[in-house]
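Both backbone and side-chain heavy atoms feed into the values below; hydrogens, waters and symmetry mates do not.
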Amino acid sequence: MDQMKGFRIAAKYEKHKLLFAINCVAALSIFFFGYDQGMMGGVNNAKDYIDLMGFGYVNDAGDPVVTNSLLQGGIVSVYYLGTLFGCLLGGWVGDKIGRVRTIALGAVWAILGATLQCSAQNHNWMICARAVNGIGTGILNAIVPVWATETAEHTSRGQFIAIEFTLNIFGVVVAYWLEFGLSYVDGGNSAIRWRFPIAFQILPLLVLFAIVWVFPESPRWLAKVGRDEEARYILGRLRGEDAEGAAKADAEFHDIKNSVIHERKTAGRNSYYSMLFGIGSGKLHTARRVQLVIWLQIMQEWVGIAGVTVYAPTIFRIAGFGGEKSQWISGLNNIFYMFSTLICVFTLDRIGRRYTLYWGSVGQGIAMFLAGGMSRLGINATAAGDTAAAGSYGIAAASFVYLFTFVFGATWLTVPWLYPAEIFPLEVRAKGNAWGVVGWSIGNGWLTLLCPVMFNAIGEKTLYIFGACNIITIPMVWALYPETNQRTLEEIDLLFESDSPWAWAAERDFAKLKEENPDLVYAASRGNSVVDPEAGLKNSEALDSRTEMAKIEA
């Protein structure tokens, strides 16, 4: 698709308006992702679904009773097996045919999966349909954050992604309250209670597929495949065609071209297998980056969000609330969760990725331990017949679950999705982000399979496990994850050239490499001006000479 011909959004809008339009399309995909995640919580409580799948029954009080928690968890978690394969497919295709076409492919695949799910007639059918839908979601999750980060400016990448994830949690909220409303149709016994919410996700996917074709391709991918004229045109529209915008675009394009040359000299093999084991990656150290993003995404789930999002009603029932009241409390929790993501919009590019994760781990860990403790006190009070005390402890437990999701939305929700899209070389950025989705799939699939078993076996002590995982993440981030905030995607290659895995060594060597490789960091001035790192001059004279050099090299 020629980016300079036909009807294109980039021809109509530029700068902030164009970035906003791109953000809206990316957010539509992220909305579907959130909706799809939140949907199964309500589906698992539908009587017709429980009877059809055969993993339990609904008692006279209207509460679901699970007799086969492994089957229930397996139906949910097989989706994440699909996302695991889908993200690998999406990363490979995204580096081959571009970001926009891959988004369209993911949308079509997810539509097929949703259609199969809403027409399921037994648990075998549902398991297969969930896997198919997971593949489509995996494709989208692998490529959408990459597309968003490659079009955003380095000074506002975090804000760009954080805004999208507000829509992600909005998807969770829509799924929850839609299913809550449908629970009153025919007393909650109708098949519409679970079939309609599954079918509803097809609507945003159809819109996504229809409109993504007119949106701009990533200028970095265009430069990587040699379509330099189109890449420079898209960069010009993204940064503006006035004097200041043109200077930014020229400097950024120069860095991108030099980065392509640098990466091809440094790394010789770019398959998933080579990336995982670092074969042929040279000083780019892609294996280290792969391990970092996989474990960051796994830990995102193990800090407790998988249990809270999918099994919040169970947590509230442990705390002493009845079935219907648990549903209300869970739904309000999701609304607070959505609003908390707005905090990250204003803080992520100011305090950085590392400090965002630090304060998140502290707040989440405290909340998990206290929620577990209050739940136990509530259970003990109920057993002793002290309903007043049980109610007080239950309210305290619910408050700490609220606190957990609020802090998570402001911190750990966004960073594990942003970091993988930032840290990989251009040559393998889509594949690299796919490795992050692999980690998310492993962490989420593992936990959604285990959560019913853990809650059945050890009850509120499950929350203590989540609290301990939050403590573990603090030294992990401090030692292994260098800061990417306010650094261009081209600078980050230098950040990971250190032979040492420790974050402090990476920062030390990065300072040296910046001085030795000024052509890779030309556009990396702080703020919005372009400054020459060798002479500290504004872009005028240095830019002209460097641009000419880039043309000769290209």
Side-chain angles (χ1 to χ4, degrees), residues 1-3 6-10 13 18-37 82-114 132-152 157 160-161 163-165 167-168 171 201-222 224-225 227 230-231 234 237-238 417-418 420-421 424 426 428-437 440-441:
M1 297 187 299
D2 192 331
Q3 298 297 305
F7 177 78
R8 298 284 170 193
I9 293 296
Y13 299 110
L18 180 56
L19 285 169
F20 177 77
I22 291 171
N23 206 15
C24 287
V25 174
L28 185 62
S29 173
I30 300 297
F31 168 84
F32 154 72
F33 169 40
Y35 181 89
D36 209 35
Q37 268 195 299
T83 62
L84 192 152
F85 287 103
C87 70
L88 294 175
L89 174 62
W92 180 76
V93 173
D95 279 334
K96 291 287 185 182
I97 68 172
R99 313 327 190 193
V100 168
R101 288 177 177 175
T102 306
I103 292 171
L105 172 66
V108 169
W109 208 306
I111 289 170
L112 174 62
V132 172
N133 200 40
I135 292 173
T137 307
I139 293 171
L140 291 172
N141 288 353
I143 205 65
V144 170
V146 172
W147 184 53
T149 56
E150 287 185 338
T151 52
R157 276 197 313 266
F160 205 57
I161 298 297
I163 292 172
E164 291 172 13
F165 273 88
L167 270 293
N168 173 258
Q201 65 187 301
I202 296 174
L203 294 178
L205 290 169
L206 286 173
V207 175
L208 178 64
F209 177 78
I211 67 174
V212 73
W213 300 101
V214 299
F215 277 76
E217 182 56 82
S218 160
R220 286 175 166 83
W221 181 81
L222 291 170
K224 187 189 82 165
V225 298
R227 293 162 63 177
E230 294 173 74
I234 295 299
R237 299 302 294 171
L238 288 167
W417 289 101
L418 173 61
F424 282 95
L426 175 58
V428 292
R429 186 163 293 136
K431 289 179 181 175
N433 191 61
W435 279 116
V437 184
W440 174 81
S441 302

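Annotation for I202 and A114: closest pair CG1-CB, 3.7 Å, computed over non-hydrogen atoms. Residue R429 comes nearest to R99 through the heavy atom pair CB-NH2, 4.2 Å, listed as atom of the first residue, atom of the second, then distance. Counting all heavy atoms, side chain and backbone alike, C87 lies closest to A434 at O-CB, 3.0 Å. Pairing each heavy atom of E164 with each of A26, the nearest pair is OE2-CB, 3.2 Å. Contact record, A142 with G91: CB-N, 4.0 Å, taken as the closest heavy-atom pair. Contact between A10 and L18 at its shortest, heavy atoms only, is CA-CD1, 3.9 Å.
With rounding to the nearest 0.5 angstrom, the CG atom of N133 is 4.5 Å from the OG1 atom of T137. A distance of 7.5 Å separates CD1 of I111 from CZ of F209, quoted to the nearest 0.5 Å. Taking CD1 of I103 as the start and CD of E217 as the end, the distance is 8.0 Å to the nearest 0.5 Å. The structure places CD1 of I97 at 8.5 Å from CH2 of W92, a figure rounded to the nearest 0.5 Å. The structure places CG of L28 at 8.0 Å from CG of L205, a figure rounded to the nearest 0.5 Å. If you take OH on Y13 and CZ on F20, they are separated by 10.0 Å, rounding to the nearest 0.5 Å.
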Give the C-alpha distance, both sets of side-chain angles, the deciding distance and a yes or no for side chain to side chain contact (heavy atoms under 4.5 Å, CB included) between V207 and L203. CA-CA 6 Å; V207 175; L203 294 178; 5.8 Å; no
Given V93 and L105, is the side chain to side chain contact (heavy atoms under 4.5 Å, CB included) satisfied, shown in steps? CA-CA 9 Å; V93 173; L105 172 66; 4.2 Å; yes
Just do the side chain to side chain contact (heavy atoms under 4.5 Å, CB included) check on L238 and I22 with the steps written out, would you? CA-CA 10 Å; L238 288 167; I22 291 171; 3.8 Å; yes
Could you walk me through whether F33 and V144 pass the side chain to side chain contact (heavy atoms under 4.5 Å, CB included) check? CA-CA 11 Å; F33 169 40; V144 170; over 6 Å; no
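No donor-acceptor distance shorter than 3.5 angstrom exists from the side chain of Q201 to the backbone of F32, with no hydrogens or angles considered. For R8 (side chain) and W213 (main-chain N/O), a donor-acceptor pair under 3.5 Å exists by modelled atom type. A side-chain donor-acceptor contact under 3.5 Å links N433 to the backbone of N141. Counting only distance, with no hydrogens or angles, the side chain of K431 and the backbone of F424 share no donor-acceptor pair below 3.5 Å.
Contact annotation: the side chain of L426 approaches that of E150 to within less than 4.5 Å [non-hydrogen atoms, C-beta and beyond]. In this structure, the side chains of L208 and L140 come closer than 4.5 Å at one or more pairs of heavy atoms. A 4.5 Å side-chain heavy-atom check between L418 and P145 finds every atom pair outside the cut-off.
Atom CH2 of W109 has 12 or fewer neighbouring heavy atoms from other residues, nucleotides or ligands inside a 6.0 Å radius.
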